[in-house]
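What follows is one structure encoded as structure tokens, with my remarks underneath.
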Number of protein chains: 2
Amino acid sequence: MTVPAQKHGNASLAIAEALRHAILRGDYTPGERIIQDQLSAKYGGSRIPVREALRTLESEGLVRLVANTGAWVASLTASECSEVYQTRERIEPLLLRFNAPEITHDYIAELDELAKKMENARDVEEFLRLDREFHLGMYQRVPTYLLGELGTRLWNTTQPYRRAYTMLVDTNNLGIVHSEHHMLVTALRDGDLDLAEQVVALHIRRTRLHLERHPEVFTIKTDNTH
Amino acid sequence: MTVPAQKHGNASLAIAEALRHAILRGDYTPGERIIQDQLSAKYGGSRIPVREALRTLESEGLVRLVANTGAWVASLTASECSEVYQTRERIEPLLLRFNAPEITHDYIAELDELAKKMENARDVEEFLRLDREFHLGMYQRVPTYLLGELGTRLWNTTQPYRRAYTMLVDTNNLGIVHSEHHMLVTALRDGDLDLAEQVVALHIRRTRLHLERHPEVFTIKTDNTH
DNA sequence: TATCGTGACATTGTATCCAATTCTGGATAC
DNA sequence: GTATCCAGAATTGGATACAATGTCACGATA
């Protein structure tokens with residue numbers, strides 16, 4: 001895949017976007033080494049924009065850079081992941097509150113639709129896509145200075161483990177998850193923002209506690225952890 | 001000031017550090033344009049490490065980059081600053097909880113000392129330095145994956161406005177601030193972590209409400225805002 | 001007078017080359 | 001068999017040069 005980079009001044013951006021997508025898609029495993037030359041060959045260009053793209057992704061927590069040594073796809077330990085989830089537990093309710101003015105009746109209907117589709121998701125990838133759309137979409141109704149980015153970052157860095165966990169429990173054993181989604185939709189429909197905040201926090205908290213009981217999810221990374 | 005950068009692979013780091021310090025120190029005003037050539041001349045080197053340093057600082061929220069156009073020292077509007085404070089209100093109590101195990105009796109004594117020194121601070125700069133040490137020091141007892149960095153970032157991006165606000169109200173009109181600091185020390189000494197969390201949140205909340213009543217603090221930026 | 005090109009200039013973005021550092025694998029010593 | 005050390009290769013970091021882009025003053029035109 002060669003990124004055209006038609007215009008000058010967008011190569012690093014385009015590479016960052018492509019690599020971010022590839023990582024979230026699961027094309028790379030956590031802990032995998034990234035070689036600048038390989039990326040510049042793949043996307044067509046010199047190593048300079050690749051280096052800038054790696055810096056960008058590092059700041060998003062998706063890549064880990066070590067001076068004079070190299071870059072790796074970020075990997076989390078179980079306790080680091082737990083920390084991210086605890087952070088989400090505090091941030092996402094606030095994000096919901098910021099976005100509340102634009103969570104209209106029409107949009108709540110869309111959320112309801114998404115929640116139903118998730119129940120019938122055929123495979124893990126479809127479930128993950130819908131889950132992401134359900135949660136992150138809700139947080140992007142209103143433009144924010146940093147909360148939106150922060151929420152996305154927290155979501156992105158935990159993506160490989162969410163995938164591994166979802167595959168572990170299988171998509172039809174997610175009853176509680178679906179209940180919580182419907183509870184959230186109901187709370188929003190009732191205009192009960194305090195309850196909605198609590199449901200979001202509980203949803204994240206319960207998932208974290210589940211994850212903490214499955215440390216094997218965190219062994220998918222390759223051994224070149226550094 | 002020329003950064004030595006003796007070893008290969010540290011120039012961008014050194015430049016980032018120097019520039020970060022300069023911004024926090026107030027050498028640049030929010031909204032000020034940053035020219036890559038000027039920085040590379042100042043710190044001695046080519047523009048490549050300067051560019052990487054700018055990317056790093058952008059990810060910290062201290063610099064704003066626009067493709068093909070340039071870089072500016074970050075500036076906040078009143079509502080953006082309010083958002084940062086609301087985020088701090090949720091994050092810092094969690095940070096306190098993470099660090100609690102290492103907030104020993106000896107360290108609480110240090111905090112008490114800092115709180116007292118702050119009451120006798122001669123000028124604004126000294127007050128700001130002590131205030132930073134009091135709050136951020138408390139959050140760096142235990143190494144974290146991202147919470148520590150996040151707390152520092154939220155603190156740093158609001159630094160120019162904290163300075164402007166402190167100059168506005170003068171250092172001897174900060175009675176409530178000092179009371180809150182002592183309340184926090186007391187709560188920690190009593191081992192009442194829930195109360196400590198609440199004091200931190202209230203401390204931030206009250207400051208935010210004060211700031212919101214002083215929009216003139218946000219007019220210090222130069223006009224080339226973009 | 002206000003608005004819209006238009007050009008030169010300033011500044012940023014990228015490629016190429018070279019230097020510095022780290023990594024690898026095998027030879028040697030114990 | 002294991003550890004240590006030392007080339008050589010692989011890889012990253014940085015400097016210079018040039019291309020692409022944006023800025024801004026200036027003048028033409030309505």
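So that the names make sense, note that chain A is the first sequence line, chain B the second, and so on, each numbered from 1.
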Rounded to whole Å, the CD1-C1' distance (A:Ile48 to C:dT14) equals 7 Å
Does a side-chain N or O of A:Arg47 approach OP1 or OP2 of C:dA15 to a distance below 4.0 Å, or not? no
Rounded to whole Å, the CD1-P distance (A:Ile15 to C:dA15) equals 8 Å
I'd like to know if the side chain of A:Tyr139 pairs up with that of A:Glu92 as donor and acceptor (distance under 3.5 Å, no hydrogens or angles considered). yes
Remember a base hit wins even if backbone is also touched, and classify B:Ile34 as base, sugar-phosphate or nothing at under 4.0 Å, heavy atoms.
sugar-phosphate
Of the candidates D:dG14, C:dT14, C:dC23, the side chain of A:Thr69 sits closest to C:dC23
From CD of A:Glu52 across to C1' of D:dG14 the rounded distance in Å is 13 Å
When rounded to whole Å, the CG to C1' distance for the pair B:Asp37 and C:dT12 reads 9 Å
Test B:Leu150 against B:Thr144 for side-chain contact (heavy atoms from CB on, under 4.5 Å), laying out the working first.
CA-CA 10 Å; B:Leu150 181 54; B:Thr144 54; over 6 Å; no
(Q) Mind checking if B:Ala67 touches a base, just sugar-phosphate, or nothing, with heavy atoms under 4.0 Å? (A) sugar-phosphate
Separation of D:dT23 atom C1' from B:Trp72 atom CH2, nearest Å, is 10 Å
(message) With a cut-off of less than 4.0 Å, is there a side-chain N or O of B:Gln36 near OP1 or OP2 of C:dA10?
(response) no
Worksheet item: Does a donor on one side chain sit under 3.5 Å from an acceptor on the other, for B:Ser82 and B:Gln86?
Response: yes
Rounded to the nearest 0.5 angstrom, the OG-CZ distance for B:Ser12 and B:Arg51 is 12.5 Å
In whole angstroms, the gap separating P of D:dG14 from CG of B:Leu54 amounts to 14 Å
Taking for B:Ser46 and for B:Asn68 the nucleotide of DNA chain D with the nearest heavy atom, the one nearer the 5' end belongs to B:Ser46
To the nearest angstrom, the OH-P distance between A:Tyr43 and C:dT14 comes to 16 Å
When A:Ser12 and B:Gln38 are each assigned the nearest nucleotide of DNA chain C, the 5'-most assignment goes to B:Gln38
Ignoring backbone atoms, test whether A:Arg33 places a side-chain nitrogen or oxygen under 4.0 Å from the OP1 or OP2 oxygen of C:dC23. no
Partner of C:dC30 under the Watson-Crick or G-U wobble criteria, both distances under 3.5 Å, comes out as D:dG1
### Query
Are a donor atom and an acceptor atom from the side chains of B:Thr56 and B:Glu52 found within less than 3.5 Å of each other?
no
To the nearest angstrom, the CG-C1' distance between A:Asn10 and C:dG13 comes to 10 Å
